[in-house]
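Read through the structure below, which is laid out as structure tokens, and then see the notes.
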Protein chains: 2
Amino acid sequence: MPRVGLDINKIIETAVEIADQEGIEAVTLATLARKLSVKSPSLFNHIKGLASLKREMSLYGLRLLLEKLKNSIEGKQQDEALYAMAYAYVAFTREHPGLYEVTIQAPEVIDGELKKAGDDIVELIIYVLKDYNLDYEKMIHTIRGLRSILHGFSSLEQSGAFALSVNVEESFKYIIKNFIKAIHRVDRK
Amino acid sequence: MPRVGLDINKIIETAVEIADQEGIEAVTLATLARKLSVKSPSLFNHIKGLASLKREMSLYGLRLLLEKLKNSIEGKQQDEALYAMAYAYVAFTREHPGLYEVTIQAPEVIDGELKKAGDDIVELIIYVLKDYNLDYEKMIHTIRGLRSILHGFSSLEQSGAFALSVNVEESFKYIIKNFIKAIHRVDRK
DNA sequence: TTATAAAACTAACGGTATTAGTTTTTGGGG
DNA sequence: CCCCAAAAACTAATACCGTTAGTTTTATAA
């Protein structure tokens, strides 16, 4: 019975395109509707509103990130897996700067689905860190440290904060290398 | 000749209050004007517009952060100074969550004044790291690592990402401690 | 005391999200 | 084959936002 023009996936994909090309603040129902050759009230047949759309984008982003991280560690363990995951993380933020932005920023309400998508990523990190045999508390500290580094680095890079001439890629390698070294030191202490 | 009601400092202070209490997205000329018991066009006698106001807030935030960091390291060196600075940084983001948000997010144009305020903070970090006698490249890597940790941790904490039961303060101490240890290892290698 | 300039105001415009109500289209049941 | 119900588009309207233009008020310097 429906008209076959739009569907929610097409809407989300287009919104992600706008976000990645022009930034998250450029994602409005007006620009989105224009890009989809439709009037903005028509979007309400598929989404509840702008806030709801951003929630959908966030969920999409979290799931895509999880998939990329999972793929990156396939067949790898310990340091190799950790390196791969770290690189996959920043690769994602570079490929999808706008999507990453909306994925990170806290929505007004976090429902179960959104929480699970976030928890799944944390669980994957736990899975990789299991190889290091840290006790529970230290593992949590380590996860928080890793997430801080990954998110902080990505966020600062996107906002153009790393302006100096030294190669940014080298810096990231250096930072992750030292972080991993630190885990090993703790382990044998 | 002017009426003595408003001035630009009062406007910025009030905008910062709104940002810290309700988030940066709640800072609109409308809410700001209401809180100042004035009509929103009146604000244009003091500021050029909303974008300009956010630039002023960002500059204010950077300068305030610099001051807090400077005060924190007074009379301290090396590890002690680094610890103090790290704690002062997160203390600032907790005291001024909204101001920190607008301070970090990149404005559309970065003028000289804004750039200098950011550079001053980086210079202060360089000043503290000088004690470790790192070569230039490693120092830049280290600065980027430290900034990533500080910003990443603050940002994730603010967005409620550290939900597990383990004490967040302990995690931060652990992260900074290991970061500092890593600097020492590089130093003597 | 008065002229002037700053700072407030009102009115208006274009852009936004959103709601209500209407028209169009489409695909399955008679 | 047709028709009708439901989905999906539309138009019209509302409320809020930032911003501009033009007007009025007010404080102070001369």
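Throughout, protein chains are lettered first and strands after them, A, B, ... in sequence-line order, and every chain is numbered starting at 1. Owing to the predicted nature of the structure, the values given are computational and were not obtained by experimental measurement.
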field: Short side-chain N/O contact to C:dC9 OP1/OP2 from B:S42, under 4.0 Å
entry: yes
message: Suppose we screen for side-chain contact (heavy atoms from CB on, under 4.5 Å). Which residues come up paired with B:A51, at least two apart in sequence or across chains?
response: B:E108
message: I'd like to know if A:K115 pairs up with A:D119 as an ion pair, taking the criterion as any Lys NZ or Arg NE/NH1/NH2 lying under 4.0 Å from an Asp or Glu carboxylate oxygen.
response: yes
- prompt: Given atom CG of B:L6 and atom C1' of D:dT26, what is their separation to the nearest angstrom?
  reply: 14 Å
- line: note: B:L36, atom CG; C:dC9, atom P; distance rounded to Å ~ 11 Å
- prompt: Do B:N45 and C:dA6 have a side chain to base donor-acceptor pair shorter than 3.5 Å?
  reply: no
- prompt: How about B:Y132 and B:D79: does a side-chain donor come under 3.5 Å of a side-chain acceptor?
  reply: yes
field: Sequence-distant partners of A:E170, side-chain contact (heavy atoms from CB on, under 4.5 Å), two or more places apart
entry: A:N167, A:K173, B:H141
message: Please report the distance, rounded to the nearest Å, between CG in B:L43 and C1' in D:dA21.
response: 17 Å
task: Measure the distance from NZ on B:K39 to C1' on C:dC9 and round it to the nearest whole Å.
output: 9 Å
field: Student check: side-chain heavy atoms of A:Q158 and A:R94 closer than 4.5 Å
entry: no
field: Distance, rounded to the nearest Å, where B:E25 contributes CD and C:dT16 contributes C1'
entry: 17 Å
task: Would you mind reporting whether B:R144 and A:L164 have side-chain heavy atoms less than 4.5 Å apart?
output: yes
query: So, is A:H46 close to the D:dA9 phosphate, meaning a side-chain N or O under 4.0 Å from OP1 or OP2?
result: yes
query: Along nucleotides 14-20 of chain D, 5' to 3', which nucleotides get a B, which get an S, and which get a -, given that the test is a protein heavy-atom distance under 4.0 Å?
result: ---SSBB
